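Order of the sequence lines sets the chain letters (A, B, ...), proteins ahead of strands, with each chain counted from 1. This structure is a prediction, so every number in the text was calculated from the model and none was measured.
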Amino acid sequence: MNGIEHLPPWAAVLTAVFLLTGAAVTLIGSLGLLQLSTFYERVHAPTLGTTLGTVFIAAASMVYFSVLQTRPVLHEVLIVVLGVVTTPIALTVLVGAAHFRDTAERAQLGEPVGRALPHARVPGDAPTGKAG
Amino acid sequence: MSQLMLTYSLLVAQVLLGLAIGCGALRIFLGPRAQDRVLGFDTLSVNAMLLLLTVGIRTGEALYFEAALATALFGFVGTVALAKFLLRGEVIE
């Protein structure tokens, strides 16, 4: 049971525009996740959906329910705050883990460890792989 | 007229978000390394949360909002747990 027929036209148009914008932005971010070539580039793309896409779709939901119930419905702000706060934490931990794995793998292959991060190289450090 | 436009745009938004979920799932299947799969899982959970919000607008029930909130929370906890597992080999030290 929905109340779309009780919605005034301006609210319907506003909800539709917010919904389409949010969904399109999210899809663009997810396509970036699929298309970009390295992991460190791919990390950036889906955050488009977690910030801008979430804000737009939550705004659409807020407009729709506020107009239908003739009172401010603001609990979608909770989802926006949750997404904006948790996404950087999760992705920072994930990129730290990925960089740790890349560094360990490069050290195992005997390549210089500090190519990505120059300060990670210790001056007197013998490369691994040579028995010392 | 504008109500019809809202109905169709709800449908289009659901299709777009479904495609975005498909992109995340494809990255889980294709991902060359484990961190790519974790990133795909994170994207998939966020997109599923947005799809739940859209379904909530379509049906007009506030129940879907709570499901979306729970999905967002579990997606964050799952991503952090998987990243910690990649980092150390254990989730809780």
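At a 4.5 Å heavy-atom cutoff, A/Gln69 makes no contact with chain B through either its backbone or its side chain. Looking at A/Ile28, neither its backbone nor its side chain comes within 4.5 Å of chain B, counting heavy atoms on both sides. For B/Leu10, the parts lying under 4.5 angstrom from a heavy atom of chain A are both the backbone and the side chain. Of the two parts of A/Leu94, the backbone and the side chain both hold a non-hydrogen atom closer than 4.5 Å to a non-hydrogen atom of chain B. Looking at A/Ala11, there are no atoms closer than 4.5 Å to chain B (heavy atoms on both sides), in backbone or side chain. For B/Leu44, no part lies under 4.5 angstrom from a heavy atom of chain A. Using a 4.5 Å cut-off between heavy atoms, A/Val95 does not touch chain B at all.
A/Met62 is not connected to A/Leu82 by any chain of hydrophobic side-chain contacts under 4.5 Å among Ile, Leu, Val, Met, Phe, Trp and Tyr, and they are in different clusters. There is no path of hydrophobic side-chain contacts, each under 4.5 Å, that joins B/Tyr64 to B/Leu16. Following chains of ILVMFWY side-chain contacts shorter than 4.5 Å, one can reach A/Val85 starting from A/Val77, so the two form part of one hydrophobic cluster. Clustering ILVMFWY residues whenever any of their side-chain heavy atoms sit less than 4.5 angstrom apart, transitively, puts B/Ile57 in the very cluster that holds A/Trp10. Criterion: ILVMFWY side-chain heavy atoms under 4.5 Å apart, direct or through other members. Under it, B/Leu82 and B/Met49 are part of a common hydrophobic cluster.
Of the listed residues B/Leu4, B/Val80, B/Leu73, B/Leu30, the one with more heavy-atom pairs under 4.5 angstrom with chain A than any other is B/Leu73. Ranked by heavy-atom pairs shorter than 4.5 Å toward chain A, the options B/Leu51, B/Val12, B/Val46, B/Leu69 are led by B/Leu69. Taking A/Thr54, A/Thr87, A/Thr92, A/Thr47 one by one and counting their heavy-atom pairs under 4.5 Å with chain B, the maximum is reached by A/Thr54.
Annotation: side chain of A/Thr15 is not in contact with side chain of B/Met5 (no heavy-atom distance under 4.5 Å). For the pair B/Arg33/A/Phe39, no side-chain contact is recorded, criterion being any heavy-atom separation below 4.5 Å from C-beta on. Two residues are said to be in side-chain contact when any heavy atoms from C-beta on lie closer than 4.5 Å; A/Leu27 and B/Leu17 fail this criterion.
Rounding to the nearest 0.5 angstrom, the gap separating the CG atom in B/Leu53 from the OG atom in A/Ser61 is 5.5 Å. Atom NE2 of residue A/His75 and atom CZ of residue B/Phe65 lie 4.5 Å apart, to the nearest 0.5 angstrom.
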Next item on the list: Report the C-alpha separation of B/Leu87 and A/Arg101 in whole Å, then their side-chain angles, then the decisive distance to 0.1 Å, and conclude whether the side chain to side chain contact (heavy atoms under 4.5 Å, CB included) test is met.
Entry: CA-CA 7 Å; B/Leu87 194 60; A/Arg101 279 164 64 94; over 6 Å; no
Margin query: Please evaluate residues B/Asn47 and A/Ser30 with respect to the criterion side-chain hydrogen bond (donor to acceptor under 3.5 Å, both in side chains), reporting the C-alpha separation (whole Å), side-chain torsions for both, the decisive distance (0.1 Å), and the verdict.
Written below: CA-CA 9 Å; B/Asn47 292 343; A/Ser30 299; 3.0 Å; yes
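For B/Ala68 against A/Ile79, the heavy-atom pair with the smallest separation is CB-CD1, 3.8 Å. For the pair A/Ala12 and B/Gln3, the tightest heavy-atom approach, listed with the atom from each and the gap, is CB-N, 4.5 Å. B/Leu86 approaches A/Ala97 most closely through the heavy-atom pair CB-CB, 4.0 Å. A pairwise comparison of heavy atoms in B/Cys23 and A/Leu31 identifies SG-CD2, 3.7 Å as the closest pair. Between A/Ala90 and B/Thr79, the shortest heavy-atom distance links the atoms CB-CG2, 4.0 Å. Considering every non-hydrogen atom in both B/Leu6 and A/Ala16, the closest pair reads CD1-N, 3.8 Å.
Taking B/Phe76 as the reference, nothing meets the ring pair (Phe, Tyr, Trp, His ring centres under 6.0 Å) condition, with sequence neighbours excluded.
More than 12 heavy atoms of other residues, nucleotides or ligands sit less than 6.0 Å from atom OH of A/Tyr40.
Among the residues in residues 34-42 of chain B, those with a non-hydrogen atom closer than 4.5 angstrom to a non-hydrogen atom of chain A are B/Ala34, B/Gln35, B/Asp36, B/Val38, B/Leu39, B/Gly40, B/Asp42.
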